[in-house]
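For reference, the structure discussed in these notes is given below.
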2 protein chains.
Amino acid sequence: MANDGIRERILDAAERRAQRGGYNAFSFRELAADVGVKSSSVHYHFATKEALLQALVERYCARTRERLGEGAMLSPDEALRRLTAIFREALVDDNRMCLCGLLAAERDGLPPNVDAAVADYFRMILAYLRAALGDEEGRGTPEAVLATLEGALIVARSLCDHSIFERAVAQHC
Amino acid sequence: MANDGIRERILDAAERRAQRGGYNAFSFRELAADVGVKSSSVHYHFATKEALLQALVERYCARTRERLGEGAMLSPDEALRRLTAIFREALVDDNRMCLCGLLAAERDGLPPNVDAAVADYFRMILAYLRAALGDEEGRGTPEAVLATLEGALIVARSLCDHSIFERAVAQHC
DNA sequence: GTCTATAATTTGATAGAC
DNA sequence: GTCTATCAAATTATAGAC
């Protein structure tokens, strides 16, 4: 069950590329080459690019949700630690942006279904933070935490300096 | 001097489109149509798309610098107020992202010169904040302020809710 | 400095054999 | 389910007339 299934491997390749360059930075042919098939085979699994990206964002959102757990059952510190760790990993392991942060930035160039799936991701993160942080305002609002994490990845990647991420999120974690 | 010069009008059109969809979300033909010329005329003013975007980012950076003024000569409150106002305006007036925040997110799909110009923008903003905030840590680090502003635009635009921007940046301004 | 015309390439997508 | 072959459209970019 490790990682078989062409469909999942196509999504893996798309995820890697989309988190680095965005919606228009990769093609069916490139994904096909990554996986070792032809572009028509990619189209067999995903009829359109919109469908592929929608599935990708939904998988990304589901994985994040599983990894975070139930915000209401965690201490504020643990909840923030888990969320920050996910963003830090994207940066440190592979110099990636958050998939949904990047796509949301490109919003006006996205098909409607992708845009909607991205918005759902943000709603999920904000609900998690609201449940975890409760009424304490010492750590900042859920909106501030999420915004800082997204922006910290952008600036740290552009300046090729991971310590920028740490200085940006220090007050929240 | 209001806004004549085809060159400037091309940059205006590119700026509007790039701040909404990113580097690959517009073409020479679209810019030409916006301005009322043909795409070959756009190429007369900017030989390549890389050159056009580089000029665009440099103009964006220079305008922002002029509008901010010298950070060292401003109170921390006034410095933060000015910077926040620029980001808020992009969101409220026209539902735009920060040009450099969007391009930086797409980093791996950018030509090298554009990537470098975007990094210069972030260095400029961070230097401004360092000069303005000095050693006071009460408002957060320069990195945290910049990251929060960039991320706040992303999330607020995706969820079509300007109040998210205000809740995200409230602690800094 | 702008135009027409076009080259060269890439893209998302489809038809049909196997 | 993957392949070969191909299409129609769009893209960046150039040549040359005016």
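Numbered from 1 within each chain, the chains take letters A, B, ... in sequence-line order.
In this structure B:F46 satisfies the ring pair (Phe, Tyr, Trp, His ring centres under 6.0 Å) test with no other residue, sequence neighbours excluded. By the ring pair (Phe, Tyr, Trp, His ring centres under 6.0 Å) test, A:F28 is found to be paired with A:H43, residues two or more places apart in sequence or in another chain being considered. Under the rule for a ring pair (Phe, Tyr, Trp, His ring centres under 6.0 Å), the partners of A:Y60 that lie at least two apart in sequence or sit in another chain are A:Y121.
Follow the hydrophobic side-chain contacts under 4.5 Å out from A:F26 and you never reach A:Y44; the two are in separate clusters.
Separating the CG atom of A:L31 from the P atom of D:dT2 is a distance of 14 Å, rounded to the nearest angstrom. What separates CG of B:N24 from C1' of D:dA10 is a distance of 13 Å, to the nearest Å. Counting to the nearest Å, the C1' atom of D:dT6 and the CZ atom of A:R29 are 10 Å from each other. C:dA13 atom C1' lies 16 Å from atom CG of A:L53, rounded to whole Å. One atom, CZ of B:F28, and another, C1' of C:dA7, lie 16 Å apart when rounded to the nearest Å. Remark: C1' of D:dT11 and OH of B:Y23 are 12 Å apart, rounded to the nearest angstrom.
Heavy-atom distances under 4.0 Å link DNA chain C to no residue of residues 103-117 of chain B. DNA chain C lies under 4.0 Å from at least one heavy atom of each of the following residues of residues 38-51 of chain B: B:K38, B:S40, B:S41, B:Y44, B:H45.
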Going by atom type alone, with no hydrogens or angles, which donor-acceptor pairs under 3.5 Å involve a side-chain atom of residues 163-173 of chain A and a protein atom two or more places apart or on another chain?
residue : atom : partner : partner atom : Å
A:S163  : OG   : A:D161  : OD1          : 2.6
A:S163  : OG   : A:D161  : OD2          : 3.4
A:S163  : OG   : A:R167  : NH1          : 3.1
A:S163  : OG   : A:R167  : NH2          : 3.4
A:E166  : OE1  : A:R88   : NH2          : 3.0
A:E166  : OE2  : A:R88   : NE           : 2.7
A:R167  : NE   : B:E143  : OE2          : 3.0

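Side-chain contact annotation: A:E58 with A:Q54, donor-acceptor N/O pair under 3.5 Å present.
Counting heavy atoms of neighbouring residues, nucleotides and ligands inside a 6.0 Å radius, atom CD of A:E70 does not exceed 12 of them.
In this structure, A:E106 does not pair ionically with B:R20, as no charged nitrogen and carboxylate oxygen lie closer than 4.0 Å.
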